[in-house]
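Please read the structure below before turning to the comments.
Throughout, a chain's letter reflects where its sequence line sits, starting with A, and its residues are numbered from 1. All values reported here derive from a predicted model rather than from experimental measurement.
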Number of protein chains: 2
Amino acid sequence: MILANDDALRLLQLRLGAHKPFGVAERELLASLPWRVEDMPARRSFVREGDKPKHSCLILQGLLARARYTVEGQRQILSIHVPGDMPDLQSLQVPHMDHDLETVVPSRIAFVPHAELRRVCDASPLLASSLWRESLIDAALHRAAIFRNGQLEAEARLAHFLCEMYLRHKAVGLADDGGFDLALSQQLIGDVLGLTLVSINKAMQALRARELIRMEKGHVDVLNWNSLSRLGQFDGAFLHLEEKDASLAATG
Amino acid sequence: MILANDDALRLLQLRLGAHKPFGVAERELLASLPWRVEDMPARRSFVREGDKPKHSCLILQGLLARARYTVEGQRQILSIHVPGDMPDLQSLQVPHMDHDLETVVPSRIAFVPHAELRRVCDASPLLASSLWRESLIDAALHRAAIFRNGQLEAEARLAHFLCEMYLRHKAVGLADDGGFDLALSQQLIGDVLGLTLVSINKAMQALRARELIRMEKGHVDVLNWNSLSRLGQFDGAFLHLEEKDASLAATG
DNA sequence: CGAAAATTTGAAGCGTGTCAATGGGCGTGG
DNA sequence: CCACGCCCATTGACACGCTTCAAATTTTCG
């Protein structure tokens, strides 16, 4: 359990410190956060629409989905989250949940009380702005989804989604050269892309036939990144993964 | 021009202070922000994808759209913004724009330098968290759009959108009992909902035939809010317009 | 008043949804 | 060890919503 707590700290430092290098004060504040780690089976909805959570979570292992349901019970997945993400960080400032948070595969989740997050944010504007920035990248993912689901047809939509998943896995060291694990059923991908599993199946076969990807047994191989990203009109810049730009430092 | 500057301050105080009442310090910091006000004609794209703006803006009058374009030139509108909104607040923390920002109708926009926003955020964690919260409500709008465009068919999608526009106009005093001005062409609404103008036209007539709305000459009358919001599966809670809850104060 | 933009209408085509059935992979339990 | 059941992937036929293309009409605005 101590180990899992260290994992949380390491992941968070990696994520937040990538953009703005932290000083000693920020590192100590981060290390002071008390995490509660929990292992959960697949398909567990542990935060519900309407809830007012008192914690935010950090994914250590696995995959989470944020989802809303129609009155007919159809699921729209709003986003898929990978280790290192804090998918309900927004509940810190906007207490009322407008969607569910559920595991996709068996996952290890670390929880931290909102009160503790507020404490470190108040103590360090730099840390606060880092967390703020994280939630803004989350919004950028949402915008990519609106664009993808609104303007691309099935094949391109799937290509776009796989491009995003690949880069986000790679950014946290969960993808090797051209391949990564992604245990999503076609039904679930349909719920992400606003399509039925039949359409996903056809689109998947089309991508395979074009030799752009290989996807089986929960593993994806990207065979032709250039063609895949072109087909999906995918621009990785919105993920804001590698901002080496120091221009933020300007204050006058 | 001085008057317009006061308008910006008043709008911002109204928006940010609605959730957490500010003290003297916060009011003085807000009043110290130097705004540059500009009037712009309709359809002017004044921030572009790829830009790294040095200012954020506040809408004083008019309507703005955030949009991305496909390689074929099709426009997907990501969100529509009303007076009081700060649609490119995110550029403060994530400099690289992933979409355009354009006027829909002739609009009056107030600009404030990022450096000044950072100054007041560093001076007051309360102000910072208020702005953070604004950007999170923005993300909630995005999620509503993903749900709406992914799961609802044309009529319901339009109903959902009109519900959102009505509440957001009402929240800033731009709607009277059951009616508000909304000068959006059907083509533009199509770009919001991921549909063609032909579909929008059919859906609009259907809503009129059901006597749910009346929409002509840039004015919308909501004739039957209950039926309209039910049809659109619209839940106004995600707008987070009236959080009277004081539970945020807890820190232990 | 005239030109441009927006709304309206109709017909035909295509992408996706729906319905239904088959087969494969895998964990559970006999 | 095999049988069973469940979940998932696959396939085909058909229906439907939306798109596309085209043209007429109304509204807006300089």
Side-chain angles (χ1 to χ4, degrees), chain A residues 41-44 63 65 70 72-76 103-106 148-162 181-209 213-220 231, chain B residues 41-44 63 65 70 72-77 102-106 148-162 181-209 213-220 231:
Chain A
R43 291 156 212 253
R44 164 148 322 170
L63 289 173
T70 67
E72 297 86 9
Q74 287 295 104
R75 176 174 65 169
Q76 175 66 49
T103 58
V104 172
V105 299
R148 175 233 283 149
N149 295 358
Q151 294 300 326
L152 306 182
E153 59 183 30
E155 261 186 69
R157 245 184 261 191
L158 180 56
H160 187 285
F161 174 64
L162 291 174
D181 288 330
L182 190 70
L184 305 181
S185 73
Q186 296 184 357
Q187 173 64 260
L188 188 139
I189 297 176
D191 291 347
V192 172
L193 303 182
L195 297 167
T196 59
L197 83 170
V198 178
S199 289
I200 298 296
N201 189 271
K202 303 273 171 66
M204 196 78 84
Q205 290 176 46
L207 294 189
R208 278 198 286 252
I213 59 153
R214 199 161 43 207
M215 186 170 185
E216 50 185 17
K217 295 188 214 300
H219 189 84
V220 177
L231 174 62
Chain B
R43 290 156 213 254
R44 161 144 332 164
L63 289 172
T70 67
E72 297 86 9
Q74 287 295 102
R75 175 174 65 168
Q76 175 66 49
I77 293 182
E102 50 199 64
T103 57
V104 172
V105 299
R148 174 233 284 152
N149 296 357
Q151 295 299 327
L152 306 182
E153 59 183 29
E155 261 184 69
R157 243 184 261 190
L158 180 56
H160 183 110
F161 175 64
L162 291 175
D181 288 330
L182 189 70
L184 305 181
S185 74
Q186 296 184 358
Q187 173 63 260
L188 187 140
I189 297 176
D191 290 348
V192 172
L193 303 182
L195 297 167
T196 60
L197 83 169
V198 178
S199 290
I200 298 297
N201 188 271
K202 303 274 172 65
M204 195 77 84
Q205 290 176 46
L207 294 190
R208 278 199 286 251
I213 59 155
R214 199 162 42 208
M215 187 169 184
E216 50 186 16
K217 295 188 211 303
H219 190 84
V220 178
L231 174 62

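When atom types are taken as modelled, the side chain of Arg157(A) and the backbone of Leu193(A) share a donor-acceptor pair closer than 3.5 angstrom.
Glu102(B) and Arg75(B) are joined by a salt bridge, as a carboxylate oxygen and a charged side-chain nitrogen come within less than 4.0 angstrom of each other.
Distance CG (Leu193(A)) to C1' (dG15(C)): 15 Å, rounded to an integer number of Å. In this structure, CE of Met215(B) is placed 10 Å from P of dT8(C), rounded to the nearest angstrom. One can place CG of Asp191(A) at 14 Å from C1' of dC8(D), the figure rounded to the nearest angstrom. The distance from atom NZ of Lys217(B) to atom P of dT7(C) is 12 Å, rounded to the nearest whole Å. Protein atom CD of Glu216(B) is 21 Å distant from nucleotide atom P of dT25(D), rounded to whole Å.
The line from CG of Leu182(A) to CG of Leu162(A) is 7.0 Å long, rounded to the nearest 0.5 Å. Here CG of Asp181(B) is found 13.0 Å from NZ of Lys217(B). Values are rounded to the nearest 0.5 Å.
Direction change of the helix axis from one end of the helix from dC1(C)-dG30(D) to dG30(C)-dC1(D) to the other is 50°, with five pairs defining each end axis (rounded to 10°).
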Protein-to-nucleotide contact annotation, 5' to 3' order, nucleotides 9-24 of chain D [B base; S sugar-phosphate only; - none; under 4.0 Å, heavy atom] | SBB------SBBB---
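Looking at residues two or more places apart in sequence or on another chain, you find a side chain to side chain donor-acceptor pair (under 3.5 Å) between Gln205(B) and Asn201(B).
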